[in-house]
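Here's the structure we're looking at; comments come further down.
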Amino acid sequence: MITAAACCNDIDFNLIKQLHCFAIFGGFDAYTSVTNAILTCYSRKGFLHEARQVFCEMDGRDEVSWNSMIVAFGQHREGLEALVLFKEMISMGLRVDMFTMASVLTAFTCLKDLVGGKQFHAMMIKKGFHRNSHVGSGLIDLYSKCATNGSGMLECRKVFEEIPAPDIVLWNTMISGFSQNEDLCEDALCCFRKMQHVGFRPDDCSFVCVISACSNLLSPSVGKQVHALAMKSDIPYNCVSVNNALVAMYSKCGNLQDARRLFDTMPERNTVSLNSMIAGYAQHGIEVESIHLFELMLQKDITPNRITFVSVLSACAHTGKVEEGQKYFNMMKVKFGIEPEAEHFSCMIDLFGRAGKLKEAERIIQTMPFNPGSIEWAALLGACRKHGNVELAVKAANKFLELEPYNASPYVMLSNTYASAGRWEDAAKLKRLMRERGVKKKPGCSWIEIDRKVHVFVAEDTSHPMIKEIHEYMREMLRKMKEAGYVPDIRWALVKDDEEATEEEEKERRLLHHSEKLAVAFGLISTEEGVPILVVKNLRICGDCHNAIKFISTIAGREITVRDAHRFHCFKEGQCSCRDYW
DNA sequence: GCGTTACAAA
């Protein structure tokens, strides 16, 4: 009964407590297996403290008790505690099995300790444990989550191939690994198909992973097909995690209406369901609805978590609601006992920064209870760029650079701040520095799906078969745009770092060939009058394109949605849904 | 042993 309770989604703290008391009164706690189940039950529902208490008070601990406690620490992001327990287990001469190994791997993963994990991997190869599916999934999880240079999934493939009898969890771990890597989502889908090919029926976990991968595929329509597949499978229609993944997928694929419709018809909802919908509204620039849903959540006694507050605080930041943001920040600590983490502080910096209160934003960095990381400096730098505070921008960029010397963002952002202030030489100097240090910016590209075929564009792209028509359309469009009052903003023109000076006319021409403009133009040419189009870009949309597409939406009389790396921009009759906050 | 949700930055 207790094991069953551990698997149940709806069980709350009081019910576990009751079961626990029942076991004690009935004398069942003398059975180690019963107490082990209670321990796991507490841990799975998020009550680490109680789980630990059960473990400490147990008389006859067996190997399973130790393993369960190690897992509990790992799942609550207490990797060090897990490793301490493992060492104790060894020193006591207890038998270590595959389950122990897999649990210890979870600890390395949550500590992001790739070196320690690798050493452990080597030891398991010596003992031959690495051919076990349980251990294998721990290893794959480790490499997919901890490797920083993108080589992680290569290592995962090797681990996978060593395992003679992969089970469904191992397949799911591979799909999950691919899906967490933005650029490998196509591989996640491939893996999902392959697993069915060798005879596995995907379970709820497989669907959750593959659906989340669908948000990052080139074609936004695949998600719908996978949804249909899930409905035909034997996954229950009320499976919360699958439905949550679908809500997130629809909203990330630009289909907020379908996301909301699904959300409304869900028979069961939890914190994550609300988080997904709240984030969906925020990404589409409907922050008011995000905050409304959050208030509703509080009324309905659905407990918010740290992620809820990240979304809500950023929604406040985007709408300039400084006071409300502060109110929610305090509520998080006082009412819900959630300690603010780097993400929350970065939202607060953003909240003040966007509103032009740079002093307050800087004060947050100075008074934070831990050392600020790159995300806090990035938020401050973003605010400085927006409000043209060069001096503070230099400081923030330097701090950011110290922490992430190979990240292109601080260079680009500071360079843009200089350029906006008219300090062109400083901007150019920074670009040179970037080249000298071998820091590369990801090339921007945009794509659009037309009749289930994806068309990809990069800046200055001439490879598309219809490029002549596209250029012609854009030239004509430019004429009409200028008539309507559009002024090209050449600060956004791509300047190659080896060019000292570029003619204005040439800059204007380059602006016209930005990937997002090409994709929009192609979309307009290839679809019927009045049909809305959706363009996706891998980076953030450029400022000139943002302005230009407003004009295009009016002139062409179309609804044009651009999903950039960050959010949605829905252009309609000369306005963007982001209200220029981006 | 695997899973859903978020921020800032290109």
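Below, chain A is the first sequence line, B the second, and so on; all start at residue 1. All values derive from a computational prediction rather than experimental measurement.
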Taking atom types as modelled, find out whether His546(A) and His569(A) have a side-chain donor-acceptor pair closer than 3.5 angstrom.
-> yes
Donor-acceptor side-chain pairing of Arg567(A) and His318(A) below 3.5 angstrom = yes
Can you tell which of [options] lies closest to the side chain of [X]?
{"X": "Asn244(A)", "options": "dT4(B), dT5(B), dC7(B)", "result": "dT4(B)"}
{"X": "Ser137(A)", "options": "dG1(B), dT5(B), dA8(B)", "result": "dG1(B)"}
{"X": "Ser346(A)", "options": "dC7(B), dC2(B), dT4(B)", "result": "dC7(B)"}
{"X": "Ile375(A)", "options": "dG1(B), dT5(B), dA8(B)", "result": "dA8(B)"}
{"X": "Ala378(A)", "options": "dA9(B), dG3(B), dC2(B)", "result": "dA9(B)"}
{"X": "Glu343(A)", "options": "dA6(B), dT4(B), dC2(B)", "result": "dA6(B)"}
{"X": "Cys347(A)", "options": "dC7(B), dA10(B), dA9(B)", "result": "dC7(B)"}
{"X": "Ser314(A)", "options": "dG3(B), dC7(B), dT5(B)", "result": "dC7(B)"}

For residues 404-412 of chain A, which residues have at least one heavy atom under 4.0 Å from DNA chain B?
-> Ser409(A), Val412(A)
Hey, can you pull the residues of residues 280-295 of chain A with a non-hydrogen atom under 4.0 angstrom from DNA chain B?
-> Gln283(A)
State whether the distance check finds a donor on one side and an acceptor on the other, under 3.5 Å, for side chain [X] versus base [N].
{"X": "Asn172(A)", "N": "dG3(B)", "result": "no"}
{"X": "Ser241(A)", "N": "dG3(B)", "result": "yes"}
{"X": "Asp167(A)", "N": "dG1(B)", "result": "yes"}
{"X": "Ser212(A)", "N": "dG3(B)", "result": "no"}

Whole-Å distance between [N] [atom2] and [X] [atom1]?
{"X": "Lys386(A)", "N": "dA9(B)", "atom1": "NZ", "atom2": "P", "answer": "11 Å"}
{"X": "Phe309(A)", "N": "dT5(B)", "atom1": "CZ", "atom2": "C1'", "answer": "14 Å"}
{"X": "Leu139(A)", "N": "dC2(B)", "atom1": "CG", "atom2": "C1'", "answer": "13 Å"}
{"X": "Arg306(A)", "N": "dT4(B)", "atom1": "CZ", "atom2": "C1'", "answer": "14 Å"}
{"X": "His130(A)", "N": "dG1(B)", "atom1": "NE2", "atom2": "C1'", "answer": "17 Å"}
{"X": "Ile211(A)", "N": "dT5(B)", "atom1": "CD1", "atom2": "P", "answer": "10 Å"}
{"X": "Asp97(A)", "N": "dG1(B)", "atom1": "CG", "atom2": "C1'", "answer": "12 Å"}
{"X": "His227(A)", "N": "dT4(B)", "atom1": "NE2", "atom2": "P", "answer": "18 Å"}

How is [X] classified with respect to the nucleic acid when contacts are heavy atoms under 4.0 Å: base, sugar-phosphate, or nothing?
{"X": "Ser133(A)", "result": "base"}
{"X": "Asn243(A)", "result": "nothing"}
{"X": "Lys537(A)", "result": "nothing"}
{"X": "Val242(A)", "result": "nothing"}

Just to confirm, is there a sub-4.0 Å distance from OP1 or OP2 of [N] to any side-chain nitrogen or oxygen of [X]?
{"X": "His318(A)", "N": "dA8(B)", "answer": "yes"}
{"X": "Arg354(A)", "N": "dA8(B)", "answer": "yes"}
{"X": "Arg540(A)", "N": "dA9(B)", "answer": "yes"}
{"X": "Arg385(A)", "N": "dA10(B)", "answer": "yes"}
{"X": "Lys399(A)", "N": "dA9(B)", "answer": "no"}
{"X": "Lys145(A)", "N": "dG3(B)", "answer": "yes"}
{"X": "His566(A)", "N": "dA10(B)", "answer": "no"}
{"X": "Ser176(A)", "N": "dG3(B)", "answer": "yes"}
{"X": "Gln180(A)", "N": "dC2(B)", "answer": "no"}

Side chains of Cys146(A) and Thr109(A): does their closest heavy-atom pair fall under 4.5 Å?
-> yes
Within the side chain of Asn216(A), is there an N or O that forms a donor-acceptor pair under 3.5 Å with the backbone of Cys185(A)?
-> no
Is a side-chain donor or acceptor of Ser176(A) paired with a backbone partner of Asn172(A) at a separation under 3.5 angstrom?
-> no
Carefully, step by step, assess Glu341(A) and Val310(A) under the rule side-chain contact (heavy atoms from CB on, under 4.5 Å).
-> CA-CA 10 Å; Glu341(A) 294 176 45; Val310(A) 172; over 6 Å; no
Considering residues at least two apart in sequence or located in another chain, which fulfil the side-chain contact (heavy atoms from CB on, under 4.5 Å) criterion with Pro340(A)?
-> Phe329(A), Met332(A), Lys333(A), His344(A), Phe345(A)
Report the residues that fulfil side-chain contact (heavy atoms from CB on, under 4.5 Å) with Leu85(A), sequence neighbours left out, ordered by chain and then residue number.
-> Phe55(A), Trp66(A), Met69(A), Ile70(A), Phe73(A), Glu88(A)
Sole candidate of Arg260(A), Glu289(A), Glu287(A), His292(A) that passes side chain to side chain donor-acceptor pair (under 3.5 Å) when paired with Tyr281(A) | Arg260(A)
Got a sec, which residues hit side-chain hydrogen bond (donor to acceptor under 3.5 Å, both in side chains) with Asn305(A), two or more places apart in sequence or on another chain?
-> Asn275(A), Thr308(A)
Closest non-hydrogen atom pair, Leu189(A) against Cys214(A) = CD1-SG, 4.4 Å
Residues which pass salt bridge (Lys or Arg N to Asp or Glu O under 4.0 Å) with Lys321(A), listed by chain and number, not counting sequence neighbours = none
